[in-house]
Colleague: 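One structure coming up, written as structure tokens, with questions to follow.
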Amino acid sequence: MPQNLATYFSCQLVLVISILITPSLAYNVVSFGARGDGRTDSTSAFIRAWTAACNSATPASVSVPRGIFLIRSVSFVGPCKNRILFQISGTLVAPDNYNVVGNSEFWILFYKVSRLSVVGGIIDAKGSKFWSCRRSGGNCPRGARSISFQWCSNVIVNGLSSFNSQTVHMTINECSNMKIQNMKITAPSGSPNTDGIHIESSRGVTITGCTIRTGDDCISIGPGSMNMYMDNIGCGPGHGISIGSLGNGFNEDGVQNVTVTNSVFTKTQNGVRVKSWARPSGGYAKNLVFKNLIMRNVANPIIIDQRYCPGNSCPHQSSGVRVSQVTYKNIKGSSSTQAAMTFRCSSTNPCNGIRLQDIKLTYVNTLKRPTVSYCENAGGSTTGAVFPRSCW
């Protein structure tokens, strides 16, 4: 699509969203006592503004004007009487003392809210001191996720920027029909467990036009998730886009119907990955499509790892997670390791139905060695030109 045409459609999308969500009643947090000076605790003011909007019988908005607003851990709880726009024009920051929000699981939580739009703005959790505590092995709190949605439906998040989360930037759990658009998520590559977006036990989630640079997975899809669509994602640095980890427990729901397309991975640890623990499980991952992807100096561009173990305490069994019907199509670029495609599958539940089509991955190395594939307990089919050559 030509750039001017893409810009036109993007502007039209923003206009349509604005028309759909423009409320008749606006509740400005400043009117409820918030101060945008970066120092005054405005948590209570935000809750009062939310309560007023949530109780409105007509569409309403919570408005955060320009300024820097300090808030502690806060829960915006539904259900609400009508649709709500949460419009952020300023910046929300966490307290400098990481223990204030670090002892909570969440910093900003939307709980049981439907027909919600979160638009614009910046949230900055100031996670650097918390990461330093983690690295030093000190007595650190568990850490908070920056923005979370639990038991929510019909939600749009558009144009939000999230910086320096203590742990995961955005979590989506037990939700349906969510659209995440034009987000910018940023944390240093060495920051621990700062995933961009983690989804679990949800369905109908679309993520488009997002730039994610973190110290962990750009996007991770956990158990119980289905009908996921990711388009136009810029990922890196980070650990790539992952299905999993799966197989944490035996009675675990599966993952199905996931598409990742039109995305670019830059200097990531992985490109597109399926990962499961090597232990018995009733879980599965099926009907996965990875297509139209560019890899730029990625360590593991294509990988299924059913012996996933990031630490030293590994189960050393055979994964019970069944991986099937996985398509890789039109994936091109460069690998920073020689094994550009790795399929390390379960000995008791081999991967099947892996389809490779039009793959070209070259190895970035001074000796000009070719890329190779590594396969273990995996089978499938190949069409078109595939390089490196598949194992079947």
Colleague: Tell me, do Ile47 and Val74 make a side-chain contact under 4.5 Å, heavy atoms counted?
Modeller: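 Touching, per the 4.5 Å side-chain cut-off.
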Colleague: Name the atoms and distances for all side-chain donor-acceptor pairs under 3.5 Å in residues 284-291, with sequence neighbours left out.
Modeller:
{"unit_1": "Tyr284", "atom_1": "OH", "unit_2": "Gln256", "atom_2": "NE2", "d": "3.2"}
{"unit_1": "Asn287", "atom_1": "ND2", "unit_2": "Asn257", "atom_2": "OD1", "d": "3.3"}

Colleague: Please check: side-chain N/O of Gln338 versus main-chain N/O of Pro370, any donor-acceptor pairing under 3.5 Å?
Modeller: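 Checked: pair present.
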Colleague: Checking Thr342 against Ile304 for the side-chain contact (heavy atoms from CB on, under 4.5 Å) test, could you report, in this order, the C-alpha distance in whole Å, the side-chain angles of both residues, the deciding distance, and whether it holds?
Modeller: CA-CA 6 Å; Thr342 298; Ile304 296 176; over 6 Å; no
Colleague: Going from CE on Met183 to CG on Leu160, what distance comes out if it is rounded to the nearest 0.5 angstrom?
Modeller: 4.0 Å
Colleague: Between Ser318 and Ser347, is any side-chain donor less than 3.5 angstrom from a side-chain acceptor?
Modeller: yes
Colleague: Does Tyr363 offer a backbone N or O that forms a donor-acceptor pair with the side chain of Asn365 under 3.5 Å?
Modeller: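 Answer holds: yes.
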Colleague: Side-chain polar contacts of residues 105-115 - donor-acceptor pairs under 3.5 angstrom, sequence neighbours left out - could you list them?
Modeller:
{"unit_1": "Trp107", "atom_1": "NE1", "unit_2": "Ile71", "atom_2": "O", "d": "3.1"}
{"unit_1": "Ser114", "atom_1": "OG", "unit_2": "Ser153", "atom_2": "OG", "d": "2.7"}

Colleague: Do Ile199 and Ile207 make a side-chain contact, defined as non-hydrogen atoms from C-beta onward lying under 4.5 Å apart?
Modeller: yes
Colleague: Start with the C-alpha gap between Phe163 and Ser161, add the side-chain angles, then the distance that decides, and say whether side-chain contact (heavy atoms from CB on, under 4.5 Å) holds.
Modeller: CA-CA 7 Å; Phe163 293 96; Ser161 295; 3.7 Å; yes
Colleague: Filter on side chain to side chain donor-acceptor pair (under 3.5 Å), then keep only pairs touching residues 199-215, sequence neighbours left out; what's left?
Modeller: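 Every pair satisfying side chain to side chain donor-acceptor pair (under 3.5 Å) with a residue in residues 199-215: His198-Glu200.
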Colleague: Near Lys179 NZ, under 6.0 Å, is it more than 12 heavy atoms from other residues, nucleotides or ligands?
Modeller: no
Colleague: Have Ser335 and Thr371 got a donor and an acceptor in their side chains that come within less than 3.5 Å?
Modeller: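 Looking only at side-chain atoms, Thr371 and Ser335 do not form any donor-acceptor pair under 3.5 Å.
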Colleague: According to disulfide bond (SG atoms under 2.5 Å apart), who are the partners of Cys210, at least two apart in sequence or on a separate chain?
Modeller: none
Colleague: Backbone N or O of Ala125 within a donor-acceptor pair of the Ser146 side chain at under 3.5 Å?
Modeller: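 Not a single qualifying donor-acceptor pair exists.
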Colleague: Please tell me if the side chains of Leu356 and Trp392 come closer than 4.5 Å, counting only heavy atoms from C-beta onward.
Modeller: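 Yes, side chains in contact.
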Colleague: Where is the tightest heavy-atom contact between Asn349 and Gly320, given as atom of each residue plus distance?
Modeller: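 Looking at all heavy atoms of both residues, the shortest contact is ND2-CA, 3.5 Å.
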Colleague: Given the rule in the side-chain contact (heavy atoms from CB on, under 4.5 Å) test, do Tyr229 and Val258 qualify, once you have shown the distances and angles that lead to the verdict?
Modeller: CA-CA 6 Å; Tyr229 184 82; Val258 177; over 6 Å; no
Colleague: What closest approach, in Å, do Ala49 and Val29 show between heavy atoms, and which atom pair accounts for it?
Modeller: CB-CG1, 3.9 Å
Colleague: Search all heavy atoms of Ser220 against all heavy atoms of Asp195 and return the closest pair with its distance.
Modeller: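 Closest pair (atom of Ser220, atom of Asp195, distance): OG-OD2, 3.8 Å.
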Colleague: Tell me whether the NZ or CZ atom of Arg279 lies within the 45° cone about the ring axis of Trp277 and under 6.0 Å from its centre.
Modeller: yes
Colleague: Step through the shown structure and confirm whether more than 12 heavy atoms of other residues, nucleotides or ligands are within 6.0 Å of NZ on Lys184.
Modeller: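 Result for NZ/Lys184: open.
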Colleague: Counting distance only, does the side-chain N/O of Ser56 pair as donor-acceptor with the main-chain N or O of Thr58 below 3.5 Å?
Modeller: yes
Colleague: Do the non-hydrogen side-chain atoms of Pro388 and Ser373 ever get within less than 4.5 Å of each other?
Modeller: yes
Colleague: Run the side chain to side chain donor-acceptor pair (under 3.5 Å) test against Asp253 and tell me which residues pass, sequence neighbours left out.
Modeller: none
Colleague: Just to verify, what does Cys152 make a disulfide bond (SG atoms under 2.5 Å apart) with, not counting sequence neighbours?
Modeller: none
Colleague: Look at the rings of Phe69 and Phe46 and say which category their plane angle falls in: under 30° parallel, 30 to 60° tilted, over 60° perpendicular.
Modeller: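 Ring orientation, 0 to 90° scale: perpendicular.
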Colleague: For Arg48, enumerate each residue passing the salt bridge (Lys or Arg N to Asp or Glu O under 4.0 Å) test, keeping only those at least two apart in sequence or located in another chain.
Modeller: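 Salt bridge (Lys or Arg N to Asp or Glu O under 4.0 Å) check on Arg48 returns nothing, list empty.
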Colleague: Looking at residues at least two apart in the chain, or sitting in another chain, which of them share a salt bridge (Lys or Arg N to Asp or Glu O under 4.0 Å) with Arg389?
Modeller: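 Once residues adjacent in sequence are excluded, Arg389 has no partner under the salt bridge (Lys or Arg N to Asp or Glu O under 4.0 Å) criterion.
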Colleague: Does one side chain, of Ser31 or Asn28, offer a donor that lies under 3.5 Å from an acceptor on the other?
Modeller: no
Colleague: Please check this pair: side chain of Trp151 against backbone of Cys175, looking for a donor-acceptor N/O pair closer than 3.5 Å.
Modeller: no
Colleague: Would you check if the side chain of Ser42 reaches a backbone N or O of Arg35 as a donor-acceptor pair within less than 3.5 Å?
Modeller: yes
Colleague: Run Val386 and Tyr328 through side-chain contact (heavy atoms from CB on, under 4.5 Å) and show every step you take.
Modeller: CA-CA 10 Å; Val386 173; Tyr328 302 91; over 6 Å; no
Colleague: Is there a donor-acceptor pair closer than 3.5 Å between any side-chain N or O of Ser136 and the backbone N or O of Ser132?
Modeller: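 Present.
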Colleague: Taking the side chain as everything from C-beta on, heavy atoms only, tell me whether Val323 gets closer than 4.5 Å to Phe343.
Modeller: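 No, side chains not in contact.
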Colleague: Would you say the side chain of Ile219 lies within less than 4.5 Å of the side chain of Met230, judging by non-hydrogen atoms?
Modeller: yes
Colleague: Checking Thr194 against Ser165: is there a side-chain donor and acceptor pair closer than 3.5 Å?
Modeller: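 Result is no, nothing qualifies.
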Colleague: Flag the pair Phe149 / Met178 as yes when at least one side-chain heavy-atom distance between them is below 4.5 Å, and no otherwise.
Modeller: yes
Colleague: Are the side chain of Asn103 and the backbone of Pro141 linked by a donor-acceptor contact shorter than 3.5 Å?
Modeller: no
Colleague: Which residues pass the salt bridge (Lys or Arg N to Asp or Glu O under 4.0 Å) test with Asp217, sequence neighbours left out?
Modeller: Arg273, Lys275
Colleague: Nearest heavy-atom pair of Ala378 and Ile354: which atoms, and what distance?
Modeller: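 That closest heavy-atom pairing would be CB-CD1, 4.1 Å.
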Colleague: Hey, are Arg145 and Gln166 close enough side-chain-wise for a donor-acceptor pair under 3.5 Å?
Modeller: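 No, because no side-chain N or O of Gln166 sits under 3.5 Å from a partner of the opposite role on Arg145.
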Colleague: Tell me the closest heavy-atom pair linking Gly236 and Cys218, and the distance in Å.
Modeller: N-SG, 3.8 Å
Colleague: Would you say the side chains of Asn262 and Asn232 form a donor-acceptor pair under 3.5 Å?
Modeller: no
Colleague: Please report the closest heavy-atom contact between Tyr374 and Arg344, naming both atoms and the distance.
Modeller: CE2-NE, 4.2 Å
Colleague: Side-chain contact, heavy-atom cut-off 4.5 Å: Asn158 with Ser117?
Modeller: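 A side-chain contact is absent here, since even the closest heavy-atom pair is not under 4.5 Å.
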Colleague: For residues 293-302, dump all side-chain donor-acceptor pairs below 3.5 Å to protein atoms at least two apart in sequence or in another chain.
Modeller:
{"unit_1": "Asn300", "atom_1": "ND2", "unit_2": "Gln269", "atom_2": "O", "d": "3.1"}
{"unit_1": "Asn300", "atom_1": "ND2", "unit_2": "Asn270", "atom_2": "OD1", "d": "3.3"}

Colleague: Between Ser346 and Gln306, do the side chains contain an N or O donor and an N or O acceptor separated by less than 3.5 Å?
Modeller: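 No donor-acceptor contact under 3.5 Å links the two side chains.
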Colleague: Can you pull out every side chain to side chain donor-acceptor pair (under 3.5 Å) where at least one residue sits in residues 64-74? Sequence neighbours excluded, please.
Modeller: Asp41-Arg72, Ser73-Ser104
Colleague: I'd like to check the salt bridge (Lys or Arg N to Asp or Glu O under 4.0 Å) partners of Asp358; sequence neighbours left out, ordered by chain and number.
Modeller: none
